[in-house]
Structure formats: structure tokens, C-alpha cells
Asker: 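One structure is given below, represented as C-alpha cells, and several questions about it will come after.
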Amino acid sequence: MVSSERLLAFAAMSFLLIVIPGPSVLFVIGRALAQGRRAALTTVAGNTVGAYVLVVAVALGVGSVVERSVLVFTALKLVGAAYLVYLGVRAWRKRGSLQAAVATDGSARGGGLRTLWEGFAVGVANPKTMVFFAAVLPQFVDRAQGHVVVQMLLLGLVFNLIAVACDSVWGLAAATGRDWFARSPRRLSLVGGIGGLTMIGLGVTVAATGRKD
């Protein structure tokens, strides 16, 4: 199985990648500002599941196809970027209705499931995580020990545990700041608009950056 040295080295590299805000973190912050603490944590859960789907894909060999094919990578990146822009536009258009969402604390069942799904979609289409898993994760596998797939799944679990902790901190911090905005419908509408514009800008950034080959 994975040695403690490899595990610690992978955890350290994962932490360095995770603490730098990327698509998932910025999406969590946008959700926290627009909908509050519960939506932020639900988004974190969705992101985590989506990221682990990428781990499974890499472990089963799909990741190598994505890494070698510029076409496949670009297609996935653009789909993720388009979805972020769509969510941002929707958040901007609904910014005036956030006061009602605060009153119900976002507890509607359908809303929670939708937020979970949106977090999953962003997590599974995150180009930063995709490249990390495809290019870096296999380097920490000790093929001489066998059980390569199990080793990758274990390393991916370590990554996701770190991501859950860090992303939750970001989300809770943003949600705490939102409480001040929630005291005024105008301020709440403003923060909803900011969250929407952040997601739109993030989608454009994701589409414009990445591999150049």
C-alpha cells in the first residue's frame, strides 16, 4: 500500500493546491454569500463527491485519456465554464429574492438537492482538480506494492478530506460576513449580485485559462 512518506508528501502537495482559491472554492464562497451557511456546506459536499468521481476516473484509466487529449480536456473545461456562467446569470437575476431565502434559511428539500447537484457539477468539471489528479496523483503510487487502483482511491480520499476542511472554512467565513448583509434587503441584494458576478467571472476565467498545447 501507500507508504507514510508518500502519503504525507501527497497531502502536503494537495494542501498547497487546495488553499489557493480555485473554481470550487470561489463557487462555495459565492453560494455562502448568496444563500448562507447551509447552502455553502451543501455545495462543499457536492464538490467533494464530484472531485472523487475524478479520482475514480483517474484510477480506472480515464484520466490518462483526458490528460493526453487536448480536445477532451478542452471540451470538459468549456462545459464546466459554461455551467458556471449559467449559474452566475441565474444568481444575478434572482438577487432580489434572497430575502425570502434568508427567511426560510434555504431549508427547502428541493433547493438543497439542487445546491448539492450544482456543487457536484462544478467539482467534477473543475479543470484545476482534473489536471492535478491526472498528472500528479499517479506519481505518488508505488506500483511495486500492487493494488494501484486502491492506492489511487486512498490518495484521492486524503485530498478530499483536506478539501472538505479547507472549503468548509472558506464557506463558513463567507457566510458569517453575509449575516451583516442580511439585515438589509438592499445589502442582501448587493451580495447576491456580487456572488452572481463572481461566478460569471470565474466561468470566463476557467474558459480562458488552461493548457495551451
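Sequence positions, counted from 1, serve as the residue numbers for this chain.
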Asker: For residues 159-169, please give each side-chain donor-acceptor pair under 3.5 Å, one per line with the distance, not counting sequence neighbours.
Answerer:
unit_1	atom_1	unit_2	atom_2	d
Asn160	ND2	Gly156	O	2.8
Ser168	OG	Val164	O	2.6

Asker: Give me the atom names and distance for the closest heavy-atom approach of Ala11 to Val158.
Answerer: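 Here Ala11 and Val158 meet closest at CB-CG1, 4.0 Å.
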
Asker: Which residues satisfy the ring pair (Phe, Tyr, Trp, His ring centres under 6.0 Å) test with Tyr52, sequence neighbours excluded?
Answerer: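 Scan of Tyr52 (ring pair (Phe, Tyr, Trp, His ring centres under 6.0 Å), adjacent residues dropped) gives none.
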
Asker: Minimum heavy-atom separation for Ala32 and Ala174, please, with both atom names.
Answerer: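 Shortest heavy-atom separation between Ala32 and Ala174 comes out as CB-CB, 3.6 Å.
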
Asker: What pair of heavy atoms forms the shortest contact from Phe133 to Val58, and how long is it?
Answerer: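 Closest approach of Phe133 to Val58: O-CG1, 3.5 Å.
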
Asker: Decide whether Met13 and Leu8 are clustered together by the hydrophobic rule: side chain heavy atoms of Ile, Leu, Val, Met, Phe, Trp, Tyr closer than 4.5 Å, transitively.
Answerer: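 No, Met13 does not connect to Leu8 through the hydrophobic network.
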
Asker: Taking all non-hydrogen atoms of both residues into account, name the closest pair between Thr43 and Phe27 and its distance.
Answerer: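 The pair with the smallest heavy-atom distance is CG2-CD2, 3.4 Å.
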
Asker: Rounded at 0.5 Å granularity, tell me how far CG in Leu155 sits from CZ in Phe10.
Answerer: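 Leu155 CG to Phe10 CZ: 5.0 Å, rounded to 0.5 Å.
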
Asker: Between Arg6 and Gln151, is any pair of side-chain heavy atoms under 4.5 Å apart?
Answerer: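 Of all side-chain heavy-atom pairs linking Gln151 with Arg6, none is under 4.5 Å.
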
Asker: Please enumerate all residues that pass side chain to side chain donor-acceptor pair (under 3.5 Å) together with Thr129, with sequence neighbours excluded.
Answerer: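 Applying side chain to side chain donor-acceptor pair (under 3.5 Å) to Thr129 gives Asn126.
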
Asker: Using the test side-chain contact (heavy atoms from CB on, under 4.5 Å), find all partners of Thr42 that sit at least two apart in sequence or belong to another chain.
Answerer: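 For Thr42 the side-chain contact (heavy atoms from CB on, under 4.5 Å) partners, ignoring immediate neighbours, are Arg38, Thr115, Leu116.
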
Asker: Ignoring hydrogens, what is the shortest heavy-atom contact between Met152 and Ala59? Give both atom names and the distance.
Answerer: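 Taking Met152 first and Ala59 second, the nearest heavy atoms are SD-CA, 3.4 Å.
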
Asker: Rounded at 0.5 Å granularity, tell me how far CZ in Arg31 sits from CG in Asn47.
Answerer: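 It comes to 10.5 Å.
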
Asker: I'd like to check the side-chain contact (heavy atoms from CB on, under 4.5 Å) partners of Val49; sequence neighbours left out, ordered by chain and number.
Answerer: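 Listed in chain order: Phe120.
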
Asker: Decide whether Val44 and Phe15 are clustered together by the hydrophobic rule: side chain heavy atoms of Ile, Leu, Val, Met, Phe, Trp, Tyr closer than 4.5 Å, transitively.
Answerer: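 Looking at the clustering, Phe15 is in a separate group from Val44.
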
Asker: Would a hydrophobic clustering, with Ile, Leu, Val, Met, Phe, Trp and Tyr connected at side-chain separations under 4.5 Å, put Val124 with Trp117?
Answerer: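 Yes, because Val124 and Trp117 connect within a single hydrophobic cluster, where side-chain heavy atoms sit under 4.5 Å apart.
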
Asker: Run through the side-chain heavy atoms of Ile, Leu, Val, Met, Phe, Trp and Tyr, join any pair under 4.5 Å, and report what else lands in Leu172's cluster.
Answerer: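 Its cluster partners, ordered by chain and number, are Leu41.
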
